[in-house]
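To keep things clear, I will list the structure first and then write my remarks on it.
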2 protein chains.
Amino acid sequence: VHPSLRRELEAVVGADHVLTDPGLRATYETDWTRRWRGSALAVVRPGSTDEVAAVLRLLNEARVPVVPQGGNTGMVGGSVPRGGEVVLSLTRLREMEPVDEAGEVTVGAGATLTAVQEHVRPLGWDVGVDLGARDSATIGGMVASNAGGIRVVRNGTMRAQVRGLEAVLADGTILRRLPGMLKDNTGLHLPSLLAGSEGTLAVITRVRLALVPTLARAVVALAGIGSIGDAAALASRLRRRLPTLVAAEAFTAEGLDLVVHHAGLAAPFSVRHPAYLLVECAGAADPLPELADALEAEAAGMLADVAVGEDEATRRRLWLLRERLTESISGAGIPHKLDVGVPVARVGELAERAPQVVAEVAPGAWVVLYGHVLDGNLHINVLGLDPEDEAADDAVLRLAISLGGTISAEHGVGVAKTRWLEADRGAADVAAMRAVKRALDPRGILNPGVLLPPE
Amino acid sequence: VHPSLRRELEAVVGADHVLTDPGLRATYETDWTRRWRGSALAVVRPGSTDEVAAVLRLLNEARVPVVPQGGNTGMVGGSVPRGGEVVLSLTRLREMEPVDEAGEVTVGAGATLTAVQEHVRPLGWDVGVDLGARDSATIGGMVASNAGGIRVVRNGTMRAQVRGLEAVLADGTILRRLPGMLKDNTGLHLPSLLAGSEGTLAVITRVRLALVPTLARAVVALAGIGSIGDAAALASRLRRRLPTLVAAEAFTAEGLDLVVHHAGLAAPFSVRHPAYLLVECAGAADPLPELADALEAEAAGMLADVAVGEDEATRRRLWLLRERLTESISGAGIPHKLDVGVPVARVGELAERAPQVVAEVAPGAWVVLYGHVLDGNLHINVLGLDPEDEAADDAVLRLAISLGGTISAEHGVGVAKTRWLEADRGAADVAAMRAVKRALDPRGILNPGVLLPPE
């Protein structure tokens, strides 16, 4: 970074918060997947929204590209430099206001999910989205990437949690719409537009979250079932009967084998089933009677084995079979992880055909898949591939698109998937996105190379 | 409209669907409030998305302004011509596809809410938003205006019901994102941007709706309470305990008096209370026990009178006290209707101060207010005013803004409120909206004069 620009940046945020030393920059230059890394001109760590605005004004003036960064827990390379950018780290913006009586809270973009959870849970409220990276993932990053997770069927993605937003445009203009209103029909809803924009339109500095009530009573059921498709179909029918449904996850026999082997957990049933469906219901009252009624009405004859957890220890034990999947798969090799989605009605087709299309291009590979079936979202892990060989990735993404689906249900596009974007969204959508991008960031300094493919 | 353009339009949609005769145009030129009207160059009624695209290409080429129109049930003049536009009526696009097993359905923008309700309810699903104008209001119009209503606390506004959208840009480009996925993280979420854009960015032609399960058991409680502010505070505390809460409405003694007088309904209690809170809980199981527990824990000593309805007839009777308010107020005069919102924690302040600020500028006027307290949304009706005198309107809108609120919680901006927009959203937000508008509609043909104030 040019010495005069460096001095100007230091004048804004203080010399301690402009990092140019390679050793100090290092943790900001590699994400947690270790797949994505690049060299930054400098790392700048503003301590307030006004400082963010002043820094962006300087960088926009100088046409220096910027990579906004939260907890750096993304999966698609959207928050690390590709080379030659300034990293704008938002982790110092971690102030949290008190929770108001309506269950809303305003927090700095750099507050971690764990910090916010600890702030709100003692008051009977919770954040509607939860995910494994909670200790590092920041609220701003979760909004910018529209994070999902396992409660989406109940609470929606991060976009649905955002009641208001403060963000800074590339030219330093501060957008501030924080009052916290569920209904606010005064034109274009910029918070919804910025959610999922992956740092390409503005830098999010504060978020007003609509919290969800903590649910007192929960029950978990795990059932052996004939296929992932049967699991998706049954979960859909259960949802129609069960307003208390908060999660519906499915995995295969191969996945369970890995968890039993790598995580050392006990198999839930004496018989091995082709697939498993885990559902959780929760409410203020005991949700078991209505879950039992719904299973009897919708699943009669379909389910050979059902395990039910009412107490916390049993619920936890059943959930672990699903939660330890990621690490158990990684224990078996370095997977190519494809986070695709299709309309729920086509989940079965996706699950059946994904191993076939992989086998055609990579005969030695094998597929372990699992997912959030009511979101239409399967995580397809391909093992036994060369890290650089993308033929299997291509085949799976093409399959998802051919089923009317998406190349990314929750991880986002980042730099990893820009080359597939147009095949997924179509040329008209991409052109419209590009027009909006140009309108809000005319010089193209915000996260270039992320989300939109090069022109 | 120029004869050659007329011939070209007729070639696209057929001569029967280009209306230029004043008698035929009339119903398209006045909205149901009868407050808004204007003369159209012509009314064009395309029968397919491709026809919409072809019509827009012609009008964009000729730089003729267009007013997209659904059921024409808006409150703010956004769907009727101001004079000199072509009205693009979408009511012929009313095709409905079958409901899929995941509870999603794709419908034409011109399908009425009633038609969709009748299509989906027999299958155990429902549309998440309901409103009084259901027989005329179209799904496309409801998305374009991001309609709300009385179930928002449970289901969100129309923006939250939209799983996918097909829309046509001003230049005839068709955007098509209909697959129906709850999670789809491939960049800017155009459906969320178009929801609430009031026909200024694109013409919505088809909508994929995420339906909600029909809830089998419901209970309604109506309580006398000390003030609207107490009602909002109690409702917030109940929400934290009651995941089954689907509605929370409040009204005042003045409102109840009008309903008793004009609609001839019986007062619910022998004593007159300053305000009333109506809550509904619903689920697959009987929600009464948890409602009773929550009221006992949160409202002990606060409520003198509580009426509970478990059977449908009693629930209906309690709801009528709230639902007949609009017509009862209109029976007492022609109200100025202000649809403002504030953070829920400030609803009490808004309710208390609105009559005061009105009295200062219009001593002969009186205020009847009611609203969706958990949405922070009060409908403030001012009676006894000259129809053209906007001093009271100004005072109420200014009050809402000063409380960190919004000039429109659900009706939208339309032409009615553009002059207040910048005071509400701020110059930076309005500039960002304008930049997005210019990016997607460079010639400014879509609904000029609506939403954004003239430059």
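Convention: sequence-line order gives letters A, B, ...; per-chain numbering from 1.
Atom OG of B:Ser408 is separated from atom NZ of A:Lys183 by 9.5 Å, given to the nearest 0.5 angstrom. Between A:Asp126 atom CG and B:Arg240 atom CZ the span is 13.0 Å, to the nearest 0.5 Å.
Nearest heavy atoms, A:Arg154 versus B:Pro243: NH2-CB, 3.4 Å. Between B:Thr406 and A:Met181 the shortest heavy-atom distance is CG2-SD, 3.4 Å. In terms of heavy-atom proximity, A:Ala102 sits nearest to B:Ser236 at CA-OG, 3.7 Å. Nearest approach of A:Met433 to B:Thr186, heavy atoms of both residues: CE-O, 3.9 Å. Closest approach of B:Arg241 and A:Ala284 over heavy atoms only: O-CB, 3.4 Å. The nearest pair of heavy atoms linking B:Arg177 to A:Asp424 is NH1-OD1, 2.7 Å.
Both the backbone and the side chain of A:Ala432 come within contact range of chain B, with heavy atoms under 4.5 Å apart. At a 4.5 Å heavy-atom cutoff, the contact between B:Glu290 and chain A is made by side-chain atoms alone. Proximity to chain B is absent for every atom of A:Leu452, based on heavy atoms less than 4.5 angstrom apart. For A:Leu188, the parts lying under 4.5 angstrom from a heavy atom of chain B are both the backbone and the side chain. Neither the backbone nor the side chain of B:Arg346 comes within contact range of chain A; no heavy atom of the residue lies under 4.5 Å from a heavy atom of that chain. B:Leu440 touches chain A through its side chain: at least one heavy atom from C-beta onward sits under 4.5 Å away, while N, CA, C and O do not. Both the backbone and the side chain of B:Glu101 come within contact range of chain A, each with at least one heavy atom under 4.5 Å from a heavy atom of that chain. Proximity to chain A is absent for every atom of B:Arg217, based on heavy atoms less than 4.5 angstrom apart. Only the side chain of A:Asn377 comes within less than 4.5 Å of a heavy atom of chain B; its backbone N, CA, C and O stay farther away. The contact between B:Leu451 and chain A is made entirely by side chain atoms (from C-beta outward), counting heavy-atom distances below 4.5 Å. If you measure heavy-atom distances from A:Leu201 to chain B, the contacts under 4.5 Å come from the side chain alone. B:Leu194 does not touch chain A: none of its heavy atoms, backbone or side chain, sits under 4.5 Å away. Of the two parts of B:Thr244, neither the backbone nor the side chain holds a non-hydrogen atom closer than 4.5 Å to a non-hydrogen atom of chain A. Looking at B:Arg438, neither its backbone nor its side chain comes within 4.5 Å of chain A, counting heavy atoms on both sides.
Across B:Asn146, B:Asp339, B:Thr157, a single residue satisfies side chain to side chain donor-acceptor pair (under 3.5 Å) together with A:Asn185, and that is B:Asn146.
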Please lay out, stage by stage, how B:Arg425 and A:Leu175 fare under the test side chain to side chain contact (heavy atoms under 4.5 Å, CB included).
CA-CA 9 Å; B:Arg425 295 275 303 243; A:Leu175 303 176; over 6 Å; no
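Your options are B:Val344, B:Thr214, B:Asp429, B:Ile174, and the one with the most heavy-atom pairs under 4.5 Å with chain A is B:Asp429. Of the residues considered (A:Val152, A:Asp100, A:Thr173), A:Val152 shows the highest number of contacts with chain B, using heavy-atom pairs under 4.5 Å. Options A:Val153, A:Leu123, A:Val340 differ in how many heavy-atom pairs under 4.5 Å they form with chain B, and the most are formed by A:Leu123. Ranking B:Gly376, B:Ala233, B:Gly148 against chain A, the residue ahead of the rest is B:Ala233, based on heavy-atom pairs under 4.5 Å. In terms of heavy-atom pairs under 4.5 Å with chain B, the best-connected choice from A:Asp375, A:Leu190, A:Leu242 is A:Asp375. Of the listed residues B:Gly187, B:Ala435, B:Gly156, B:Gly412, the one with more heavy-atom pairs under 4.5 angstrom with chain A than any other is B:Gly187.
B:Leu182 has its side chain out of reach of A:Leu374: every pair of non-hydrogen atoms, C-beta onward, lies at least 4.5 Å apart. Contact of the A:Ser192 side chain with the B:Arg159 side chain is registered, since non-hydrogen atoms from C-beta on lie closer than 4.5 Å.
In this structure, the ring-ring contact (aromatic ring centres under 6.0 Å, His included) partners of A:His372, at least two apart in sequence or on a different chain, are A:His379.
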